[in-house]
Amino acid sequence: MSFQVFGIPVSRGVAIGRAVLVASSRVDVAHYFIPASDVDQEYDRLTRGRDAVTRELQGLKADLPPDAPHELDALLDVHLLLLNDTALVDAARQWIQERHYNAEWALSAQLEVLARQFDEMEDDYLRERKADLEQVVERVLSALAVEQDAAATGGAAAVVARDFAGEDPLLLVAADIAPADMIQFKRSVFQGFITDIGGKTSHTAIVARSMDIPAVVGTREASRLIRQDDWVIIDGDAGTVIVNPSPIILEEYRFRQRQSELERARLARLRHTPAITLDGQRIELHANIELPGDAVAALAAGATGVGLFRSEFLFMNREGELPSEDEQFAAYKAAVEAMRGMPVTIRTVDVGADKPLDRMSVNELRHEHVLNPAMGLRAIRWSLAEPSMFRQQLRAIFRASAFGQVKLLVPMVAHLSEIRQVQEAIKRVKQQLDESRQPYGEIQLGVMIEVPAAALMLPQLLKHVDFISIGTNDLIQYTLAIDRADEAVAHLYDPWHPAVLQLLANSIAQARKMGKEVSVCGEMAGDAGFTDLLLSMGLRCFSMHPSQIPSVKQRVLRADAQRLSTVLPRILDSDDPAKTATEVFAPHQRFH
Ligand code: PEP
Ligand code: MG
């Protein structure tokens, strides 16, 4: 049966493929294709995993003390029954044979099918057996990991596909995907994402956008309604998911997919064109990156620098262990060298809120003991609470500055005392580097303007820093008191809100007045729908996902910055700025 699910569009384009349902707790299971010739071998691996767990459970049963409660014995019997039921491992064979999934993926895919059947059962007792089934599968996955340990990487890192040409495209469907997991899906087998949870600027959405593949979040129930292996269309422009489409709909979307590929190819030709407005204003289009390897995409898209390196992604998926100074240095140096002398703005670690260090879903976060993590110990607050970790990161960044142009960006500043503490830490780090004769270059210090307090006290802040970068994602969140990751209030997350526009326009104007560099690195900068607005406010440096550079550049090339600045007051005075903007920017758009 064909049906639609509606959500929040977060990454553009059309993706058509088969649904892969993954439980949020299991997104780190390895997903890769095996060669057709390895099907039997892979199935043997799965059965060996099952047999190992059978022996383990039998052993536990045999070792039960005579006075152990009868329930324990009965529970082990249930687990043994579930484990050896043909509906599990035997049925998982079809995923290996027909889809060429690896053993872990096949088992999780089959678990999702069975879990759905359990959910639909009338009988409470039987329905509750789902938890037992999950435990059994967890054991088999552990057994497979032990077997695989010596040979393979394990974890979601293994999603880096072997050759998957010729396979049906796959779209990942999950209740929620943590940013730490999402980052592991870069270069994975998945060509689109659908989640129940999330908002447009949640970090999970941001990482999906950075991958430049269609994604829809905040669907609330996609993972419940879509079934394993269903054919699905993701319309990443409209935020619609069409499940089991009719042949006519499928053909229409295939056509749209081809059109958007053609449009991308057309825009890609702008790569070497400098971003200069009609009235001759040069605009810097920088890239936001999460990992040093992303610098390749930044260069390919024609970025003239990195405006935001979200260093916290280096700190994730490490089982609680932080990256050493040398590891960080290597990562920063790699990005700096890749950018060949262009500026690389490294933001100090911004963990907390929806980016915990360890994998945790938004749901788990909400139920954590920290009731309001977005307002808690995140970003610079966390760094200053961990001074030795912070100095370690600063040392790594300063060492990398010997290899190119590095700028240091501090997230979530709200107090002058925070800048003072950062400056003291920098002084100490420089002394340490001098003592150990390690070279470093000149580094400009900047702060992110993402808390309204910082925007409102900008004249004071600007005296102490070299540049500012406006993080509109958080600035909107904190100004409007809207959790950016919460789909329930996503409709109120409004970049056009007059209060947001006032803070933005004033911050840009004040920085310019004081001769300090200002950029915007939040998601607004990469949305071509806001390019005219930001230009009208006097912004000359935008930082965004590399894939967004071409469409923003096209807007810049068609803009008359001088004319735009003359209409800004009308937008700022308007009760409905979004509507006024369409009216006052429209003549310019018609002109082209
Ligand atoms: C922002 O808040 O706009 C920003 C760029 O930082 P992040 O999205 O990583 O919080
Ligand atoms: Mg931010």
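Atoms within a ligand are numbered from 1 in the order they appear, just like the ligands themselves.
Aromatic rings of W382 and F390 (six-membered ring for Trp) have centroids beyond the 6.0 Å cut-off, not under it.
For the pair K516 and F467, the NZ or CZ position fails the cation-pi test of under 6.0 Å to the six-membered ring centre and within 45 degrees of the ring normal. In this structure, R399 forms no cation-pi arrangement with Y440, as its terminal cationic atom is not both closer than 6.0 Å to the ring centre and no more than 45° off the ring axis.
S260 contributes no side-chain N or O that, together with a main-chain N or O of G13, makes up a donor-acceptor pair within less than 3.5 Å. At least one donor-acceptor pair closer than 3.5 Å links the side chain of E450 to the backbone N or O of M412.
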Could you tell me, for ligand 1, which of its N or O atoms are under 3.5 Å from any protein N or O, listing the pairs and their distances rounded to 0.1 Å?
| residue | atom | partner | partner atom | Å |
| --- | --- | --- | --- | --- |
| ligand 1 | 2 (O) | E450 | OE1 | 2.9 |
| ligand 1 | 2 (O) | D474 | N | 3.0 |
| ligand 1 | 2 (O) | D474 | OD2 | 3.1 |
| ligand 1 | 3 (O) | G471 | O | 3.4 |
| ligand 1 | 3 (O) | T472 | N | 3.1 |
| ligand 1 | 3 (O) | N473 | N | 2.8 |
| ligand 1 | 3 (O) | N473 | ND2 | 3.2 |
| ligand 1 | 6 (O) | R347 | NH1 | 2.9 |
| ligand 1 | 8 (O) | H203 | NE2 | 3.2 |
| ligand 1 | 8 (O) | R310 | NH2 | 2.8 |
| ligand 1 | 8 (O) | N473 | ND2 | 2.9 |
| ligand 1 | 8 (O) | R484 | NH2 | 2.7 |
| ligand 1 | 9 (O) | H203 | NE2 | 2.9 |
| ligand 1 | 9 (O) | R310 | NE | 2.8 |
| ligand 1 | 9 (O) | R310 | NH2 | 3.3 |
| ligand 1 | 9 (O) | R347 | NH1 | 3.2 |
| ligand 1 | 9 (O) | R347 | NH2 | 2.8 |
| ligand 1 | 9 (O) | K355 | NZ | 3.3 |
| ligand 1 | 10 (O) | H203 | NE2 | 3.2 |
| ligand 1 | 10 (O) | D474 | OD2 | 3.0 |
| ligand 1 | 10 (O) | R484 | NH1 | 3.0 |

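In terms of heavy-atom proximity, F185 sits nearest to I177 at CE1-CG2, 4.1 Å.
Ion pair R378/E312 not flagged as a salt bridge, since none of the NZ, NE, NH1 or NH2 atoms sits closer than 4.0 Å to an Asp/Glu carboxylate oxygen.
For CZ of R540, the number of neighbouring non-hydrogen atoms (other residues, nucleotides, ligands) closer than 6.0 Å is greater than 12.
The number of protein N, O or S atoms lying under 2.8 Å from the Mg ion (ligand 2) is 2.
Of the candidates V207, I206, I346, I206 is the only one forming a side-chain contact (heavy atoms from CB on, under 4.5 Å) with R310.
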